[in-house]
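Heads up: the structure comes next, in structure tokens.
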Amino acid sequence: MILIRRYRKLCTLSRPANLTFAGADVDTAQISFTGVNSLEADKKMTLVADFGDKVGTITGTKYRISTALEGEGAASLQGSDLIFTTKTGTGGNTPKVLEQTHNVVMGMEANMATLAAGTEHLDNVMNGLGDPANAGADGTSTAVSVGGGGNRYETGSHVSTRSWNAAVGIGRKSETEKGTLEWGIFGEYGKGNYTLHSDDGDRGEGNGHYAGGGLLAKWTNKHNVYAEASFRLGRMSDSARDILTDGVNNYGYNVHANYYGAHVGLGKIMNYKGGKALDLYGKYFYTKRNGVSFDAGADHYDLDGVSSSLLRIGARYGSTDKKWNWYGGLAFEYEFDGKSGGTVTTAGISAPIRAASIKGGSVRGEIGLRMDATKDNPWKADISIYGYGGRHRGFGGNISVAYTF
């Protein structure tokens with residue numbers, strides 16, 4: 001079989017005198033044209049001159065130009081020459097875009113997932129600073145949370161991510177007649193890598209990291225009803241390799257963008273006899289990462305900003321009267337946004353890229369052990385593992401430590 005993978009326009013291949021092609025099968029399924037920005041319909045070009053007087057099975061009905069455009073065409077034997085004829089062009093107002101362009105928005109989703117995973121650790125820092133029992137005599141406490149995990153997100157295709165994240169905060173407690181206000185500042189860092197699996201069988205790899213910080217606060221009244229909020233701001237860097245090809249060269253990207261986010265939450269802790277407590281809560285997390293642009297060969301990619309709008313409703317039950325206390329929790333969360341899209345421009349024509357989205361519902365379960373601070377012990381520790389099922393699948397774990405002054 002003769003495989004024709006790339007072809008430079010105006011350059012005709014000739015059969016070597018010592019070879020016979022006659023009767024050979026021909027596969028043009030991955031043919032790509034270089035040295036041109038577009039092709040018109042019904043364009044004929046000679047792939048192999050003096051191919052022979054007959055040809056076997058011919059497969060392949062499409063062709064590509066650059067990393068972005070696709071058209072339909074077919075090879076045929078005309079006389080003794082192997083000719084390729086374009087059935088559709090790659091210009092016009094509605095060019096057909098290669099499925100591989102979807103890989104770049106999947107990469108954006110993957111690194112957005114790494115950023116969103118940081119909210120797990122902000123929640124831990126919030127708990128460490130916000131629990132009145134964990135604040136020292138002068139009202140100051142510190143908290144650190146570190147952990148990681150592996151996850152899979154259904155995006156229309158799917159992405160597998162592996163990440164670790166950390167957050168550290170310092171805060172103070174203020175007592176009033178009506179309750180307790182805990183507030184503080186925090187810094188955060190996270191790093192992850194991913195493997196994408198697209199519907200057409202393509203695979204790609206990339207990684208990203210972010211660094212930032214923000215503010216957080218928690219109010220608890222005398223009836224153990226609490227409200228909490230946080231704001232985060234920082235910058236994220238993404239890189240990917242070999243997720244695009246023009247048939248000759250492979251391309252990736254290295255981009256940077258700012259991010260910001262916020263969350264609000266409401267809950268109530270109910271204490272029971274026998275040293276048990278139930279925490280019922282609802283939390284909303286919003287995260288936005290700005291758009292980016294990059295070039296891949298002759299093509300220019302503009303990727304939109306990506307937003308996560310996540311609502312989590314759940315409960316946590318556990319013991320409270322021991323040195324080490326256990327707890328377990330179950331929650332339902334729903335992603336209302338999580339869409340990544342963009343456009344690719346080649347030969348002066350822009351076309352939309354098939355979007356990726358992680359919108360949908362998931363279930364989250366957790367178990368853990370916690371040691372609270374006391375008058376004699378200024379340290380608090382929390383060790384937990386958690387898992388997801390549904391649109392978001394995976395597992396993770398973290399360790400958080402707080403010190404009171």
Side-chain angles (χ1 to χ4, degrees), residues 1-15 19 21-106 156-157 198-202 204 243-251 296-301 341-355:
M1 175 179 286
I2 299 175
L3 301 177
I4 301 178
R5 297 182 179 273
R6 54 182 180 267
Y7 178 78
R8 184 175 294 276
K9 192 181 180 186
L10 303 180
C11 178
T12 302
L13 302 178
S14 298
R15 176 179 61 83
L19 292 179
F21 288 166
D25 295 334
V26 174
D27 182 5
T28 63
Q30 299 186 39
I31 188 170
S32 60
F33 292 88
T34 62
V36 294
N37 292 324
S38 65
L39 284 177
E40 300 175 352
D42 300 319
K43 194 77 172 178
K44 296 180 182 293
M45 57 210 76
T46 302
L47 295 180
V48 182
D50 193 22
F51 182 90
D53 59 357
K54 62 180 179 178
V55 65
T57 302
I58 298 177
T59 54
T61 61
K62 297 179 179 180
Y63 67 92
R64 73 167 68 193
I65 291 179
S66 70
T67 67
L69 300 182
E70 182 180 74
E72 294 185 4
S76 62
L77 190 65
Q78 298 183 14
S80 62
D81 296 334
L82 185 66
I83 305 295
F84 189 86
T85 304
T86 60
K87 295 181 179 180
T88 62
T90 56
N93 296 325
T94 56
K96 188 171 182 180
V97 177
L98 281 165
E99 177 62 19
Q100 72 166 354
T101 60
H102 181 67
N103 294 349
V104 299
V105 294
M106 289 176 66
S157 301
S198 63
D199 289 341
D200 64 356
D202 283 349
I243 64 172
L244 295 168
T245 181
D246 60 10
V248 179
N249 301 300
N250 293 333
Y251 300 95
D299 304 322
H300 181 74
Y301 286 80
T343 60
V344 57
T345 302
T346 185
I349 299 174
S350 294
I353 299 169
R354 182 168 71 88

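The first residue of the sequence shown is numbered 1, and numbering continues consecutively from there.
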Listed partners of [X] passing side-chain contact (heavy atoms from CB on, under 4.5 Å), at least two apart:
{"X": "T343", "result": "D302"}
{"X": "N249", "result": "D246, Y251"}
{"X": "V55", "result": "V26, F51, I58, L77"}
{"X": "T85", "result": "K44, Q78, I83"}

Heavy-atom closest pair, residues [X] and [Y]:
{"X": "T345", "Y": "S350", "answer": "OG1-OG, 2.6 Å"}
{"X": "A355", "Y": "H102", "answer": "O-CE1, 3.2 Å"}
{"X": "L47", "Y": "A75", "answer": "CD1-CB, 4.3 Å"}

[atom1]-[atom2] distance between [X] and [Y], expressed to the nearest 0.5 angstrom:
{"X": "D50", "Y": "L82", "atom1": "CG", "atom2": "CG", "value": "11.5 Å"}
{"X": "T88", "Y": "D42", "atom1": "OG1", "atom2": "CG", "value": "9.5 Å"}
{"X": "M45", "Y": "D81", "atom1": "CE", "atom2": "CG", "value": "14.0 Å"}
{"X": "F84", "Y": "T28", "atom1": "CZ", "atom2": "OG1", "value": "5.0 Å"}
{"X": "K43", "Y": "Y63", "atom1": "NZ", "atom2": "OH", "value": "11.0 Å"}
{"X": "R354", "Y": "N103", "atom1": "CZ", "atom2": "CG", "value": "9.5 Å"}

Whether the side chain of T86 engages the backbone of E40 through a donor-acceptor N/O pair (distance < 3.5 Å, no angle test) should be reported.
yes
Atom pairs and distances, donor-acceptor, side-chain atoms in residues 65-74, under 3.5 Å, two or more places apart:
unit_1 : atom_1 : unit_2 : atom_2 : d
S66    : OG     : A68    : N      : 3.4
S66    : OG     : D299   : OD1    : 3.2
S66    : OG     : D299   : OD2    : 3.1
T67    : OG1    : D299   : OD2    : 2.5
T67    : OG1    : Y301   : OH     : 2.8

Please name all residues satisfying side-chain hydrogen bond (donor to acceptor under 3.5 Å, both in side chains) with N250, sequence neighbours left out, ordered by chain then number.
T245
